[in-house]
Amino acid sequence: MTIENTIVQHIQKAVLSLYATDIQLDSIVIQETRKEFEGQVTAVTFPFTRFSKKTPEQTGAEIGEYLKENLKEVADFNVIKGFLNLSIADSYWVDELLTSVHGQSFGQFPSNGQKVMVEYSSPNTNKPLHLGHVRNNLLGFSVAEILSANGYEVIKANLVNDRGIHICKSMLAWKLFGNGETPESSGLKGDHLVGKYYVIFDKEYKKQIETLISEGQTEDEAKKNAPVIKEAQEMLLKWESADQEVIDLWKMMNSWVYAGFDVTYKKLGVDFKKYYYESDTYLLGKDTIQEGLDKGVFFKKDDGSVWIDLTDDGLDQKLVLRADGTSVYITQDLGTAQLKYDDFKMDKSIYVVGNEQDYHFKVLFLILQKLGKSWANGLFHLSYGMVDLPSGKMKSREGTVVDADELMDDMIQTAQERTEELGKVDGFTEEEKKDLYNMIGLGALKFFLLKVEPKKRLLFDPNESIDFQGHTGPFIQYTHARICSVLAKADYKNKISDNYSNVLTILEKDLIVNLAKYPDVISSAAREYSPAHIANYVFELAKLFNKFYHEESILKAEDPQVRNFRLDLAAATAKTINKAMKLLGISVPSRM
RNA sequence: GCGCCCAUAGCUCAGCUGGAUAGAGCAACGGUUUUCUAAACCGUAGGUCUUAGGUUCGAAUCCUAAUGGGCGUACCA
């Protein structure tokens with residue numbers, strides 16, 4: 001039990017004993033003591049004045065006195081303007097550090113018996129990944145790690161959008177203008193090669209539209225009548241009727257893309273347990289539509305199309321199956337949701353998808369609830385804001401994207417330059433240098449993207465490089481390396497202190513209080529599906545350590561007990577930084 | 001038109017279920033290295049928390065409206 005919980009319970013007892021009133025536990029407000037005051041835990045006394053019929057100050061003093069007498073952890077208290085600040089005994093914090101924080105399972109909750117699927121990435125196979133995908137991938141990966149630390153069994157899934165008209169566009173452009181170009185012949189990464197033809201298609205398409213308009217067609221007509229778009233549509237039909245030539249082309253180009261994605265995923269450090277392919281799932285959902293019709297959730301219009309009326313829920317009428325019996329997006333998603341559940345019987349399912357699809361998921365989940373799916377309540381859309389450039393939105397077709405591979409390479413390159421300027425790599429082998437630059441470059445990028453609340457949109461200026469100082473990944477990595485350096489000098493292996501009876505300094509105590517908070521941070525990050533909580537916490541921790549490091553010597557502490565205790569404290573900090581950063585998918589070096 | 005999301009320092013962001021004088025980083029200015037890594041530390045300056053009402057002992061936080069920005073409202077995915 002945390003100290004906060006203990007205190008809350010005793011305050012309840014105090015109010016009962018002092019004022020003969022039984023109050024609810026959740027009506028007791030506890031917070032961290034602000035650093036300008038004495039103490040670590042603060043209770044707000046205003047709510048109790050109703051029962052005490054005394055001033056907040058008197059009430060606080062009475063409750064404080066009660067706690068001090070009845071709770072051994074409470075060493076002292078002071079009351080300021082109705083805030084009861086409690087000083088928790090040093091012995092409690094020492095025990096927290098040496099037992100809890102240093103414990104094997106610190107930061108890893110035991111299994112809660114629940115299964116959760118996190119679907120993320122979900123790329124199209126017609127173009128390489130860009131910065132928007134990077135945010136998606138990092139969020140999904142990190143949320144999966146966080147849930148896992150909270151005791152969930154996690155299934156990371158990737159639903160690959162490998163069919164449809166957009167894929168045919170790349171295929172057609174390659175067929176028309178590719179002259180048999182391959183990743184091998186061109187030296188291009190497979191996904192980039194295919195993406196190149198997607199852009200070529202769009203150029204050609206635009207050209208044809210202009211021509212048609214100049215020949216007197218309206219824009220809408222021209223868009224429909226351009227030969228390349230017609231040909232792409234024919235190709236899609238051929239694909240659906242399993243035309244061997246088209247299927248072979250599709251397989252070949254897809255395999256290029258997958259090879260490219262694998263490289264990007266590996267570099268990003270993300271992985272998946274289960275892949276779903278839309279080419280396998282695009283016909284799913286029709287059973288669900290029938291089920292909905294049978295249950296009267298859906299209705300059929302005269303033309304045969306199937307709809308659901310959500311106007312009572314403040315939404316619109318929504319088409320779920322076309323008149324010709326073919327699927328729309330939501331049809332497939334209904335079917336895929338069922339398939340996923342049948343595959344894994346998970347308790348929760350998280351969809352990491354951009355906020356432009358908020359409405360879609362609202363409708364999807366509502367439909368599944370109306371169909372009476374027992375698992376529908378476990379569905380959650382982790383909606384995140386778009387990444388925008390100063391020039392506006394990124395568009396693959398127009399080539400105004402920040403490419404994922406280039407971005408990562410740039411970051412690693414910058415990390416290298418920065419490190420070399422600082423002359424930090426003496427005695428590193430080439431291999432070690434490479435690892436370090438990777439760690440720092442990607443650490444900077446990942447932290448930059450994850451420290452912001454998912455739902456907020458993100459502005460990325462490619463001309464302003466991502467910082468390596470201050471509120472950044474490298475700052476935290478540096479702190480870790482610094483600690484490792486101290487520990488190495490002391491030849492530190494495992495926890496040294498059994499107990500410690502010296503008076504804690506303010507900074508030591510601050511640091512322990514902060515470390516002890518880590519499990520709470522993990523669970524709130526899981527509750528909110530927000531890696532940003534972890535990012536901001538670990539930054540705070542690193543900052544606190546640096547202050548401590550600067551002001552209080554570890555190795556040169558005169559008293560060996562102090563020295564040992566501080567080594568234990570530093571080691572606990574390093575371990576916690578490592579764990580927290582791992583939840584963000586960021587590695588930390590032991591030297592930099 | 002309707003719906004959803006966002007608005008905090010010059011810039012990028014924290015601020016947990018309402019609680020004390022609203023916090024960081026960057027940028028600016030000044031300082032710290034014979035002492036465990038200066039990618040660090042300390043200090044100065046910078047705010048009518050978009051606006052107007054309301055609820056409350058107490059509001060950046062909750063409610064209502066307005067303003068500004070983003071997204072959606074497709075038989076695209």
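The chains referred to below are lettered A, B, ... by the order of the sequence lines, with proteins before strands, and numbering in each begins at 1. Predicted, not measured: the structure shown is a model, and the values here were computed from it.
- Checked against B/G15, B/C41, B/C57, the side chain of A/E453 finds its nearest nucleotide in B/G15.
- Which of B/C75, B/G69, B/C13 sits closest to the side chain of A/W307 comes down to B/C75.
- B/A66 and B/C75: their C1' atoms are spaced 38 Å apart (whole Å).
- For the C1' atom pair drawn from B/G31 and B/G68, the interatomic distance equals 42 Å after rounding to whole Å.
- Picking from B/A20, B/C36, B/A24 the nucleotide with the shortest atom distance to the side chain of A/S485 gives B/C36.
- Here the separation of B/G10 from B/A20, taken at their C1' atoms, is 29 Å to the nearest Å.
- When both pairing distances are held under 3.5 Å, B/A40 makes a Watson-Crick or G-U pair with B/U32.
- Listed pair A/K547 / B/C42 meets the phosphate criterion, a side-chain N or O lying under 4.0 Å from OP1 or OP2.
- Annotation: side chain of A/M592 is not in contact with side chain of A/M439 (no heavy-atom distance under 4.5 Å).
- Rounded to whole Å, the separation between the C1' atoms of B/U21 and B/G58 comes to 15 Å.
- Separation of the A/F380 and A/Y529 ring centroids falls under the 6.0 Å cut-off.
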_Pair A/N85, A/E38 - check side-chain contact (heavy atoms from CB on, under 4.5 Å), show working._
CA-CA 7 Å; A/N85 303 318; A/E38 184 81 28; 5.9 Å; no

